[in-house]
Every structure is written in C-alpha cells, then in structure tokens.
Amino acid sequence: MAYSDVHRAFLQSISHHGFISSKQALTILLSIYTKYHPDDTIPNEHHLLHVITSINAKIARYSQKIKLVRFEPNRTDYYVFCNLSDRTPADRLHTCYTDSEVAYFWLVLKEMACCDGQAASPFLCLYLSELITEKPRLSKVRAEELLDEWTRAGYFFPESNGTWILGVRTVAEFGQFLREKFEDKIHVCLLCKEATFYGVKCRHCPETFHTRCIKTYLQRLTVTPAERVAQYPAGMLHVEDDATLFCSICNVSLDHTRKGSIDKHLRTQLHTEKHERQERLREARERRQSAAVFNSFPRTTEARDGRNMALFRLVEAFTAAEIPLHKLDHPKLRDYLMENVSNLGALPSSARLRVGYLPKVRETLRREKEQKMAALDETIDSVRIDSLSYLIHGGEEQ
C-alpha cells in the first residue's frame, strides 16, 4: 500500500496522543479507513503493522519512530511515538517547561531509576521539589500538577500499592539513555538485550527477563509448524512433510520456532509486493469468473443477478467438496442456508439446481482447468527452449 492519507492521519493521531494501546490503534485505523477507503477490507493487525512500518520509513530521517512496547505492569501493548535523538530527557523538555521544571523531571526520573523495582512514593517525589535550586522556585502545588501531567502523558505510572513507577513513554523513549546512565541499576534481559525495568526475576540468579521474552522462549520449545500456521491468516503459511514451515506467497522456508523472524519476513517489501500482486490476480480472476457466470444467465434485475451468483457459488461449493446436491433438500439445511446466505432467497430443489446450474458449474471448472493447463504448457515450453539453447550455445558462451 502506497503512502497515503491513511498513513498521514494515523501519524497525526498518534503524535497528538503520544502513546496509545494496540486496541486503540486498531480502532483509530478502522475509523480512518472508514473515512478514506470505505469500500476496502476491514483492517486487521497485519494492516496496522504495514501502516506503521511505512510511517517509520518516512519519519526515520527526523530521528522519530513509532515503537511497539509491552508494558509489563498492566500487561498491555502500546504504540509509542518516540523521539530518538541523542539529546538527554532534560533537553527534550526544554521547549515545554522552565529550567526548574525540567530539573525536577530529571530528579524524579533519576530517583525512580535508581530505586529497587524502579518505584518511588508520591511523597518522596514531592519532596524532591525542595532540592531544586534553579529559578523560579518550584512550589509543592506546581510539583503536584507536573506529576499529574507527566503521568497522563505516560512518563510515570501509578501502581495500585500507591507507588509511582516509570511509564511506558519513559521505557520506550528514555530506556536506552537510562541503561547507559545507570548501568549498575538497570537490568538487561539476556534474551532480547534490552533494558528490563519490570519483568520476571530468576529464582537462582540476579537476572531479570521480560515476561514476553520468557513466554516466547518457552513457546518456541513446544510450538509445532501446524500451530504456527494457525496463528496467521489462512493461506499465508503452510507446512510441508509435516515438519517444515513455508511462506505460501514467497515459497521460502521459515523457522517455525521464531515468530519474530516470521513477522519480519511478512513485513519485507518483497513479500508485500508478491502478496499484493497475488491479491490483484485473485480479484481479477473472480471478476472474470463472475462475468462468465452472469453472461451464462439471462440478464434481468440486479437482485436476480445476485441470486443467480449465490446459487451458482452454492452448487460450485457442493461440487468441489463432492457433496451430493440432494443433500440440499434436507429441511434443516435449507432453512439454515436461506437465513444465513445473502441474496439466496427461496432455495430451489436439488433437481432444479442440477438442471439450471450444474452444467454451468462444470463448464466453468472445465475452462479454468484448460487455462491452468495452457499456462503450465507455456512454462514447460519455455524451460525446454532455455535448456535447448544452453545445450547448443552453452559451451560457446563459456
């Protein structure tokens, strides 16, 4: 999908909010699609990832990025709009706050980063305002307002026990800075090599791991290729020889134990282009087939054409699945189909379907088979010609 108003609107929304949950992000994308592409497919998580990947490619030159962060304290995934410039946290806040307010932010951040569990009580945070020497002096009232403001902005997070901890924006935007600044205080997850502010502590050693990293690691030890296929949209992946996972679009093998590498492959430009090309070919094939079906029936009203198509698809499905048409005469099945299949209307008897639709279905299937065989013959002829050319001229070219 080319960079469009969808990307611009989503970027404007997340930059305004600063951070949003993954569910909110999908809701926002749905509303944007409704406005700009009302006739398109309803967007899902894969559409969301493609949109964010395209946006990140555009804003990387400005040292900005939309990062997906798993916030362990409330077990929620967030998309965070990050400024990844080399400036310190204090420098980034200078455009919005006074020198004394920036100094206060830095003191609170330092206190939380250096405390056990990266947590501090609100009373301690308010007391830190008395240590500010920059002018103008910072009052307790203003300090409390700032703490509330920074909490809403995602820099701090209030826990249920009354303490405050580093928020999702601090983890996403200042995590690397805090790791380098307080190397002896900040743990590093040995699985992903990222700073670990919250997570699972090992009982036998001082290491701390991200909860998601531990779960992913354990799942990789037990997940099967077939189970991995079920985690993605139908037709995206398949298994060969009951052991090897393949991308159905690119026909390349993938490591079924590493979901991250699979997601990375599905976001590559080559895979995206091939997928879009196959979707275009599929839509074109469906349009040709629909036109052929419509032309095989006398043209009447649009509603009649829709009913003919619905009945044709029904007979086609039963034929492909090798289900006898007389099964359609069962009262329960007839009632279910007429209630749940759009444009079907009153369902004819199997005898009428066999006479009016089955020959057309067989003719359509015959034409499709001939087209596939013709395409296969062209491929075989091309290979034969290339092989013959190599046998005749191969030695001379070398």
Side-chain angles (χ1 to χ4, degrees), residues 1 3 7 10 21-23 25-26 29 43-60 64-72 75-82 84 168 171-172 175-176 179 187-200 202 207-279:
M1 181 180 181
Y3 200 83
H7 300 79
F10 187 85
S21 68
S22 56
K23 291 183 179 180
L26 198 55
L29 185 63
N44 53 30
E45 292 181 357
H46 288 281
H47 290 90
L48 179 62
L49 287 176
H50 284 307
V51 168
I52 291 176
T53 300
S54 300
I55 292 175
N56 283 336
K58 286 283 187 180
I59 65 178
Q64 295 173 337
K65 184 179 182 180
I66 300 174
K67 293 179 67 175
L68 176 61
V69 179
R70 174 70 173 183
F71 193 54
E72 303 286 355
R75 299 178 182 178
T76 304
D77 291 328
Y78 290 96
Y79 286 101
V80 185
F81 183 74
C82 300
L84 302 178
V168 63
V171 172
Q176 184 62 28
R179 174 185 170 183
H187 295 280
V188 175
C189 177
L190 296 181
L191 295 175
C192 69
K193 308 303 180 184
E194 296 289 338
T196 309
F197 297 97
Y198 322 104
V200 180
C202 180
E207 300 298 336
T208 302
F209 303 89
H210 293 121
T211 304
R212 169 171 286 185
C213 293
I214 286 292
K215 288 184 178 179
T216 302
Y217 178 76
L218 295 177
Q219 288 173 355
R220 282 166 49 184
L221 301 179
T222 57
V223 68
T224 65
E227 290 172 339
R228 188 66 79 193
V229 170
Q231 296 174 0
Y232 292 87
M236 190 67 68
L237 305 173
H238 69 276
V239 180
E240 294 185 6
D241 301 327
D242 296 329
T244 306
L245 183 69
F246 277 83
C247 172
S248 302
I249 307 298
C250 306
N251 198 30
V252 296
S253 61
L254 302 170
D255 186 355
H256 73 275
T257 65
R258 307 176 73 85
K259 189 175 186 299
S261 64
I262 298 174
D263 292 338
K264 183 177 180 181
H265 168 76
L266 298 181
R267 291 194 297 267
T268 60
Q269 183 177 358
L270 179 62
H271 173 86
T272 302
E273 291 177 351
K274 286 186 176 182
H275 188 211
E276 291 177 350
R277 183 164 60 251
Q278 286 194 10
E279 286 296 310

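All figures in this text were calculated on a predicted structure; none of them were measured in a lab.
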Lys58 and His7, any side-chain heavy atoms less than 4.5 Å apart
no
May I have the step-by-step check of side chain to side chain contact (heavy atoms under 4.5 Å, CB included) for Gln231 and Met236, ending in yes or no?
CA-CA 10 Å; Gln231 296 174 0; Met236 190 67 68; over 6 Å; no
For Arg75 and Arg70, the nearest pair of non-hydrogen atoms, with its separation, is O-NH1, 3.2 Å
State whether the side chain of His50 and the backbone N or O of His47 hold a donor-acceptor pair below 3.5 Å, judged by distance alone.
no
Does Glu273 reach the main-chain N or O of Leu270 with its side chain, forming a donor-acceptor pair under 3.5 Å?
no
Validation row: Leu68, Tyr78 side chains within 4.5 angstrom (heavy atoms):
no
Is it the case that the side chain of Asn56 and the backbone of Ile66 share a donor-acceptor pair, with hydrogens and angles ignored and the cut-off at 3.5 Å?
yes
Nearest 0.5 angstrom please: Ile214 CD1 to Cys189 SG, how far?
7.0 Å
Measuring from atom SG of Cys250 to atom NZ of Lys274, what distance do you get when rounded to the nearest 0.5 angstrom?
4.5 Å
His238 and Glu240 side chains, donor-acceptor separation under 3.5 Å
yes
Minimum heavy-atom distance Arg228-His256, with the two atoms named
NE-O, 2.8 Å
Are side-chain heavy atoms of Tyr232 and Lys259 found at a separation under 4.5 Å?
yes
Less than 4.5 Å apart, any side-chain heavy atom of Ile55 and any of Phe10?
yes
Interatomic distance, CG@Asn251 vs CZ@Phe246, rounded to 0.5 Å, equals 6.5 Å
Tell me, with the steps shown, if Val168 and Val80 meet side chain to side chain contact (heavy atoms under 4.5 Å, CB included).
CA-CA 8 Å; Val168 63; Val80 185; 3.9 Å; yes
Shortest non-hydrogen pair, Pro43 vs Leu29, comes out as CB-CD2, 3.9 Å
For the pair Ile262 and Leu245, evaluate side chain to side chain contact (heavy atoms under 4.5 Å, CB included) and give the outcome as yes or no after the intermediate values.
CA-CA 10 Å; Ile262 298 174; Leu245 183 69; 3.6 Å; yes
Rounded at 0.5 Å granularity, tell me how far CZ in Phe81 sits from CD in Gln64.
3.5 Å
The test is side chain to side chain contact (heavy atoms under 4.5 Å, CB included); show your working for His210 and Leu191 and say whether it passes.
CA-CA 8 Å; His210 293 121; Leu191 295 175; over 6 Å; no
Ignoring hydrogens, what is the shortest heavy-atom contact between Ile249 and His275? Give both atom names and the distance.
CG2-N, 3.6 Å
Working to the nearest 0.5 angstrom, can you tell me the gap between Arg267 CZ and Thr272 OG1?
10.0 Å
Check for me whether Lys67 meets the cation-pi criterion with Tyr79, that is, NZ or CZ under 6.0 Å from the six-membered ring centre and within 45 degrees of the ring axis.
no
Quick one: closest heavy-atom pair of Thr76 and Ser21, and the distance?
CG2-CB, 4.1 Å
Nearest 0.5 angstrom please: Glu45 CD to Lys23 NZ, how far?
10.0 Å
Using every non-hydrogen atom in the two residues, find where Ser22 and Leu48 come nearest and quote the distance to one decimal.
O-CD2, 4.4 Å
Expected output: side-chain Lys193 to main-chain Leu190 donor-acceptor under 3.5 Å
yes
